[in-house]
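Presented below is the structure to which this report refers.
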Amino acid sequence: MEKVIETVKDNKLLITGAAIAVTTGILLKTIISSKKDKKVYEKDVVYVADFQGKNKDLPSYSPFVLKVISILEYCNIRYEVDCTGNLGPNPRGTLPFIRYNDEFVYDSYFILQWISKEFKHVTEKMEQSINNERDQAIDNITKRFIDEGLSYLGAYYRWVVPEYNKIIIPRLLAAIENPILNSIIHSVANSGAIKKYKSHLGNLSLDEVNSVSQTDIESLSKLLGSKKFIFGEHLSMADISMFSSLAQVYYVPVDTPIRLFLLEKQNLVKYVENVKSTIFSDAKWELLKQ
Ligand SMILES: *[C@@H]1O[C@H](CO)[C@@H](O)[C@H](O)[C@H]1NC(C)=O
Ligand SMILES: *[C@@H]1O[C@H](CO)[C@@H](O)[C@H](O)[C@H]1NC(C)=O
């Protein structure tokens, strides 16, 4: 979705393309920069496109971008997050996408597949606790459930419920200091996102969404049980998805119903903190938040 808006920055009136990529869970991208410096992309570095702005609470407000960052970090692959909006063509208008030696890959599902093919050590590392085909099937299905189900519940509270929307979205838009511009972008983003996330969940009522959220969180808590990660001692691809999605709920300190359900499940809370410190050093996590 592309919207053209007028913005006042540095006392200049600019026409900027604010590509409100309301793709997946999360929001936005405003191209405020008028600089056109040609960036040099280093060889063999994976560049990950993310929304512009400060990530006050965690490395990305998109579970899908966080998933890609997490796998790259965990597998020691050289990468850089690019928030310029100029990483390359984005015909789908969704994030994340990646650039690698002038090749582009779109959609986090296919990006993770591509990473597993391109970097030979990834599959072995991610399957250390996966013992048979059934585990592998559970890994695949959990990953899909998280991406298509759980992540959208989180997005529903952010976007569709006014009470939470008015507290959470300003955190996402913190980089836009001009209050008028900030509120314009907030309402432009809302208008697309509300329809999208409501419809994705079959236009359920808030009570129904709460009930689904509670059951889903309880099921995930039981799936994990007392294990460190979903399949035991080692992270799998499903853990990368589950972490990236739960992190959006846990690290954004706004008490939506789904966050309260999560906080009741101590094994899940411990899990999110464990996965975070398994993948990221504290210093790297803080660095990625800027
Ligand atoms: C899991 O998904 C991958 C594709 O990402 C596929 O190649 C593999 O066969 C699937 N495994 C099972 C057991 O379903
Ligand atoms: C949700 O409602 C909107 C209109 O209010 C409609 O266009 C859309 O098809 C509905 N989606 C579902 C999945 O029922």
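Heads up: numbering here begins at 1 and tracks the sequence. Order of appearance sets the numbers: ligands from 1, and atoms from 1 within every ligand.
- Looking at Asn203, Leu204, Leu201, it is Asn203 that brings a heavy atom closest to atom 14 (O) of ligand 2.
- Between Asp82 and Lys39 there is no salt bridge, since no side-chain nitrogen of the basic residue lies less than 4.0 Å from a carboxylate oxygen of the acidic one.
- Taking every heavy atom of Gly202 and a limit of under 4.0 angstrom, the matching atoms of ligand 2 come to 13 (C).
- Within a 4.0 Å radius of atom 9 (O) of ligand 1, the protein contributes no heavy atom.
- The nearest heavy-atom contact from the protein to atom 13 (C) of ligand 2 is Ser199 O, 3.5 Å.
- At a threshold of 4.0 Å, the pair Lys276-Asp282 counts as salt-bridged, since one of the basic side-chain nitrogens sits closer than that to a carboxylate oxygen.
- A single hydrophobic cluster is not seen to contain both Val254 and Leu260; linkage of ILVMFWY side chains at heavy-atom distances under 4.5 Å, directly or through other members, places them apart.
- Taking the charged nitrogens against the carboxylate oxygens, Asp57 and Lys289 have no contact shorter than 4.0 Å, which rules out a salt bridge.
- Ion pair Glu42/Arg78 flagged as a salt bridge, since at least one NZ, NE, NH1 or NH2 atom sits closer than 4.0 Å to an Asp/Glu carboxylate oxygen.
- Less than 4.0 angstrom separates atom 2 (O) of ligand 1 from at least one non-hydrogen atom of the protein.
- Under the 4.5 Å side-chain criterion, counting only non-hydrogen atoms from C-beta, Arg158 is not in contact with Asn165.
- Ranked by closest heavy atom to atom 4 (C) of ligand 1, the top entry among Arg134, Gln113, Met237, Lys117 is Gln113.
- Looking at Glu133 next to ligand 1, no N or O pair under 3.5 Å apart turns up.
- Looking at Asn140 next to ligand 1, an N or O pair under 3.5 Å apart turns up.
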